[in-house]
Amino acid sequence: MSLLRSPNQKPVKLQLRRDLVRSVKRGHAWIYADALRKLPQTGRGVPAILLDNRGGRDIGGGYYDPQGSIALRVCTTQRGEALDDAWAADRMQRAISLRHRLFDENTTGYRLFNGEGDGLPGLVCDRYADAAVLQLDGEAARNFWHAPGIAAWLADCLELPIVYERLRGQSGPRGRVLFGPSPDHPVHFLEHGVQFTADLINGQKTGFYLDQRENRHRMQNYAAGKQVLNVFGYTGGFSVYAGVGGAARVTTVDSARLALDAAAAHWTLNGLDAERHTVVCADAFEFLSEAKKDGRTWDTVILDPPSFAPSSESLQKALRAYKKLIAAGASVTAEDGILATGSCSSHVSMENFMAACQDGVGEARRQATTLGIYSQPADHPAPLAMPEFRYLKFIILRVN
Ligand code: SAH
């Protein structure tokens, strides 16, 4: 079975209007529609060759989407390289070999393919022990990559009994089985020896927020003997690490009831005392403002909200929301406590986010020192030339 939907299709030729040759050669994989001379009418996701803006020299290849704002995803910058099964298999092998260098048997949940960051534009795959979940980014990616073929290849190469595909749906989770049985039960996996499960069918994203693994691990060091508050806790990732790190008590807040049930289960799955963990189903902003009113504080506060900026237009609004959240978090952080906060929005730069931290802590009439500035882990690589692909920010502060 092929890894691509139309491996033998003759590529369309697209010519640059703007001089983006250097950017393409440096590894920027997105060409926006307004940077192309003409937008020929074709199907979405057809193979394409990119020609430079001057003499029409071939500078790379990729797949084309006449309807997308990203008109071309560049897959190769080697002149004449065919986008065929051998090419795709080589890119996937390279991605897998990186993960083999990164992880041992104590970490069995990680991102196997991170799209552009692995030279596989639009193709994401997360691995949870013996199960994999594919996610293709948009209609063009779904027409270029052949999901059932990739699933069969993965099942064979990594001896995986289950490969599932998550589809981005507006109205709740959608997906389909690509290989093996349906993953009807949550799948068990490890992160740094800590035990979790992921619900591949109904969970958020592909079931778990794998991108925060190293930040969760870092926060484990700030937990011993402490009162910890984990806001936007989902299935208890940060909470369980804090518990394993010896926290005196952990409170997990989220608005998703099902996620909190999983958080409670993950806590006991790791042999931790259920008495030391409280889950609260509430809106994060309301919970924090009530806690402030009641004069409650925690030694360590973790804020890991969903993206507040789904588009670049919503940036200012998002920055105000981050500031408000960080102010609320700082207000319930004990004297000399730790406040850790993240942003997963690609439209918010590290600089903007640091400024929101400054403004938020200031608004709470507190001061802080920066203990660490972090981003996404190595199994979520980003092309150096695409800073917008390095979406995750995570700041650890000491608040006095
Ligand atoms: N820290 C988690 C991931 C958090 S994802 C981990 O390590 O796994 C963001 C979470 O915020 C989701 O679980 C979502 O249910 C929750 N959420 C979104 N809006 C919320 C709100 N207004 N109040 C509380 N929780 C919210």
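Each ligand, and each atom within it, is numbered from 1 in the order the structure gives.
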>> Show, in sequence, the C-alpha distance, side-chain angles and deciding distance for Phe179 and Tyr164, and conclude whether the ring-ring contact (aromatic ring centres under 6.0 Å, His included) test is met.
In response: CA-CA 7 Å; Phe179 186 89; Tyr164 189 72; over 10 Å; no
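Remark: Lys317 fails to qualify as a cation-pi partner of Phe308 under the 6.0 Å distance and 45° angle criteria applied to the six-membered ring.
Any N or O atom pair closer than 3.5 Å counts here, and Phe285 shares no such pair with ligand 1. Here's the thing with Thr235: none of its N/O atoms is less than 3.5 angstrom from an N/O atom of ligand 1. Taking only nitrogen or oxygen atoms, main chain and side chain alike, Asp283 reaches within less than 3.5 Å of ligand 1. The shortest N or O to N or O distance between Asn230 and ligand 1 is not under 3.5 Å.
Of the options Arg73, Arg91, Arg390, a salt bridge (charged side-chain N to carboxylate O under 4.0 Å, His left out) to Glu116 is made by Arg73 and by none of the others.
Nearest protein neighbour of atom 11 (O) of ligand 1, counting heavy atoms only, is Phe232 CD2, 3.3 Å. Here the heavy atom of the protein found nearest to atom 12 (C) of ligand 1 is Gln204 OE1, 3.3 Å.
Residues Thr278 and Thr251 have side chains that never bring a donor and an acceptor to within less than 3.5 angstrom of each other. No donor-acceptor contact under 3.5 angstrom links the side chains of Asp283 and Ser255, judged on distance only.
Under a 3.5 Å cut-off, the side chain of Arg111 and the backbone N or O of Asp379 do not form any donor-acceptor pair.
For Phe394 and Tyr374, the gap between ring centers reaches or exceeds 6.0 Å.
If you number the atoms of ligand 1 from 1 as listed, the ones under 4.0 Å from a heavy atom of Ala282 come out as 23 (N), 24 (C). Each of the atoms 1 (N), 7 (O) of ligand 1 lies under 4.0 Å from some heavy atom of Phe238. Ligand 1 places these atoms under 4.0 Å from at least one heavy atom of Tyr234: 2 (C), 3 (C), 4 (C), 8 (O), 13 (O).
Residue Trp145 comes nearest to Ala88 through the heavy atom pair CZ3-CB, 4.1 Å, listed as atom of the first residue, atom of the second, then distance.
Checking Arg213, Arg216, Gln212, Lys205 against atom 7 (O) of ligand 1, the nearest heavy atom belongs to Arg216. Comparing Gly342, Ala284, Pro306, Ala256 by heavy-atom distance to atom 23 (N) of ligand 1, the nearest is Ala284. Taking each of Ser255, Gly237, Ala262, Gly236 in turn, the one with a heavy atom nearest to atom 20 (C) of ligand 1 proves to be Ser255.
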